[in-house]
Amino acid sequence: MTACQNGKRPKKYGSFNYRYSKGKMNPSMQTEKYDLAIIGAGPAGMMAALRAAECGARVVLLEKKHMPGIKLLMTGKERCNITNSETDVRKFAAHYGKNGKFLLNALYHFGVTETLDFFHRHHLKTKVERGGRIFPESDMAKDVHGLFLRLIKENNVTLLTNCNIKKISLKHNTIEKIILDNGEVKAGNYLISTGGRSYPQTGSTGDGYIWARQLGHTIVKPEPALTPVLMKEPWIKELEGLSLKNVTVSVYQNNRKKDERFGEALFTRSGMSGPVILDMSKRIGELLVDGPVDVFIDFKPALDFYMLDKRILRDLEAQKNKAIKNILPGLLPQKMIPVMLKLTGIDPEKKGHSMTKDERNKLRAFLKQFPLTIKGLLGFDKAIITTGGVHLKEVDPKTMRSRIVDNLYFAGEVLDLDGPTGGYNLQVCWSTGYLAGESVAKQRSVKQQCKSPEEE
Ligand SMILES: Cc1cc2nc3c(=O)[nH]c(=O)nc-3n(C[C@H](O)[C@H](O)[C@H](O)COP(=O)(O)OP(=O)(O)OC[C@H]3O[C@@H](n4cnc5c(N)ncnc54)[C@H](O)[C@@H]3O)c2cc1C
């Protein structure tokens, strides 16, 4: 990795000492003609840079923030859910809905198995958790981040950070150069991997959509997705931080069930988040257009009403001289108990033996159908990803090359691809980034041929 001449200062990210520029251009960078200039050094851009460089391409990676991959460091609550253990390519692609078909080529070329081989080959051990979620064994996103920084350096990728792109100059349907506020970059090919619009403080502010549109591409309207939901109930803040495991969450509109999921959820200060809620947020957003939406939580999905009643009776009988507030911890998370007692009106000091049938029914209903009313969804600031982006019909799925501009490629979240939680969104970046980087390098202009990892 060549850093720029000015403003160098070493900084430690993860386990790796890495030098970055302050956007000042080295004169040789101005005159060098790269094979590939990549805009956006997130997971997709870094993977593309790495693969192209491994295959012998001269690559420059342009990043507007002070360092690459800021969002990558935040992924999976800083543990980085790298991918998912679903190795059947078609089943994997089905998680992206109708647009998943576009990913098939990229997944067959560099899918879950190849991604894991890549990390393992570079000594990053992984582990599989619930729902097939794959994390680094160290539980540290910064290890994934550090690995990429090290590899792009070892493969002589030129990295330019704090970089402000003013214009992408197009001539005869070919990108001629990128004009920065302090110079210009010329390359045979260009790749836009600027991500979506979610968590804009990480650098993903949707710039790529603007350029793609200016270059003639259609942009499917970007919307926040995998977003936490806001609830109307004012007491929800009392539950902040409470994490629920193995619950079923159902979504209703006009008394009709519209969606139901099982798994983990989390109470926030003003609503709910966690995998189950995030995965349902797209559907909730669609329903909200037509009117109010209610949510019901089943804390005991393994027990039907009859079995739950038996369980409650057993608990009351076993602890009949205890106050109900002290019996409930066997049935509910501690933080939920004051809320439950307030909402049902049950006296917390009431002894187990004197609970009435009506009170038991209220408790049972609370445990099986805890109701909440949705106020709305949070926006791009808190959305995990963006739906929409560069229209897939205008990109060749075999190469990630634009069908509109001759020497332009796309990779990662800037494309109209979004998956559920569980490692599916980073896999888009690994697969499309790898394919785009290799496709560029395989062109005639790049002499050295790409070898598969097994051949190396
Ligand atoms: C809190 C959080 C947790 C997540 N956890 C997971 C997870 O565990 N697993 C998972 O699969 N997915 C997760 N995701 C989603 C995943 O992080 C994204 O899908 C992924 O980062 C997209 O990668 P990308 O390279 O396409 O874009 P980004 O990661 O958004 O990177 C784009 C890069 O381009 C740069 N850029 C933008 N504009 C310009 C410009 N004008 N000039 C130069 N550079 C520019 C940005 O600064 C940024 O560095 C999470 C997302 C969030 C917000």
Side-chain angles (χ1 to χ4, degrees), residues 23 37-49 60-84 95-96 112 115 129 131-136 139 141 144-145 148 159-168 178-181 185 190-212 222 224-228 273 275 278 378 380-387 389-390 400 410-434 436:
I38 298 176
I39 309 175
M46 289 195 284
M47 180 56 100
V60 59
L61 183 53
L62 309 173
E63 169 55 48
K64 78 170 173 194
K65 298 295 274 188
H66 65 286
M67 70 160 169
I70 293 181
K71 191 180 279 180
L72 179 61
L73 282 169
M74 297 170 66
T75 53
K77 296 191 181 140
E78 299 178 15
R79 293 172 61 223
C80 188
N81 181 187
I82 298 172
T83 185
N84 195 280
H95 283 90
Y96 303 88
V112 174
T115 301
E129 294 192 3
R133 291 167 159 78
I134 298 183
F135 292 88
D139 280 331
V144 179
H145 186 256
F148 274 97
L159 173 66
L160 186 59
T161 54
N162 288 310
C163 152
N164 185 15
I165 294 170
K166 280 167 61 181
K167 194 179 166 194
I168 298 178
I178 296 175
I179 301 166
L180 308 175
D181 59 2
V185 169
Y190 296 82
L191 184 142
I192 297 181
S193 50
T194 43
R197 280 182 58 192
S198 77
Y199 276 74
Q201 69 275 22
T202 62
S204 325
T205 46
D207 303 4
Y209 303 139
I210 300 169
W211 291 320
L226 299 185
T227 44
S273 185
L278 295 175
L378 286 176
F380 281 116
D381 277 3
K382 295 286 175 204
I384 299 294
I385 47 154
T386 306
T387 64
V390 174
M400 297 296 137
F410 294 98
E413 202 179 311
V414 72
L415 291 161
D416 180 19
L417 283 167
D418 61 281
T421 61
Y424 292 96
N425 291 298
L426 280 175
Q427 188 61 56
V428 169
C429 302
W430 313 135
S431 297
T432 58
Y434 190 95

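All residue numbers in this chain count up from 1 along the given sequence. Indexing begins at 1, ligand by ligand and atom by atom, following the structure's order. Excluded from the calculations below are hydrogen atoms, water molecules and symmetry mates; all remaining heavy atoms, backbone and side chain alike, are included.
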task = Determine whether the side chain, the backbone, both or neither of Asn81 has a heavy atom under 4.0 Å from any heavy atom of ligand 1.
result = both

task = Kindly identify the option in Glu78, Lys64, Arg197 whose heavy atom sits closest to atom 42 (N) of ligand 1.
result = Lys64

task = Classify the contact between Glu413 and ligand 1 as side chain, backbone, both or neither, using a heavy-atom distance cut-off of under 4.0 Å.
result = both

note = Looking at Arg133, Lys77, Lys71, the heavy atom closest to atom 21 (O) of ligand 1 belongs to Lys71

message = Just to check, does Thr205 reach to within less than 4.0 Å of ligand 1 when the distance is taken from its heavy atoms?
response = no

ask   = If you measure from each heavy atom of Thr202 to ligand 1, is any distance below 4.0 Å?
value = yes

query = Is any NZ, NE, NH1 or NH2 atom of the basic residue among Asp139 and Arg79 found under 4.0 Å from an Asp or Glu carboxylate oxygen of the other?
reply = yes

ask   = Relative to ligand 1, is Trp211 under 4.0 angstrom through side chain, backbone, both or neither, heavy atoms considered?
value = side chain

request  = Measure the distance from atom 13 (C) of ligand 1 to every protein heavy atom, then report the residue, atom name and distance (to 0.1 Å) of the closest one.
outcome  = Thr75 CG2, 3.9 Å

message = With a heavy-atom distance limit of 4.0 Å, tell me whether Ile39 approaches ligand 1 through its side chain, its backbone, both, or neither.
response = side chain

key: Any Ile384 heavy atom less than 4.0 Å to ligand 1   = yes

query = For ligand 1, which atoms, with element, lie under 4.0 Å from some heavy atom of Leu62?
reply = 43 (C), 44 (N)

request  = Consider ligand 1: state whether an atom of it lies below 4.0 angstrom from any non-hydrogen atom of Pro68.
outcome  = no

ask   = For residues Arg133 and Thr421, is any side-chain donor paired with an opposing acceptor at under 3.5 Å?
value = yes

inquiry  = Tell me whether Pro43 has any N or O atom under 3.5 angstrom from an N or O of ligand 1.
reply    = yes

ask   = What protein heavy atom is closest to atom 5 (N) of ligand 1, reported as residue, atom name and distance in Å?
value = Gly76 N, 3.0 Å

key: Asn81 (side chain) donor-acceptor with Thr83 (main chain) under 3.5 angstrom   = yes

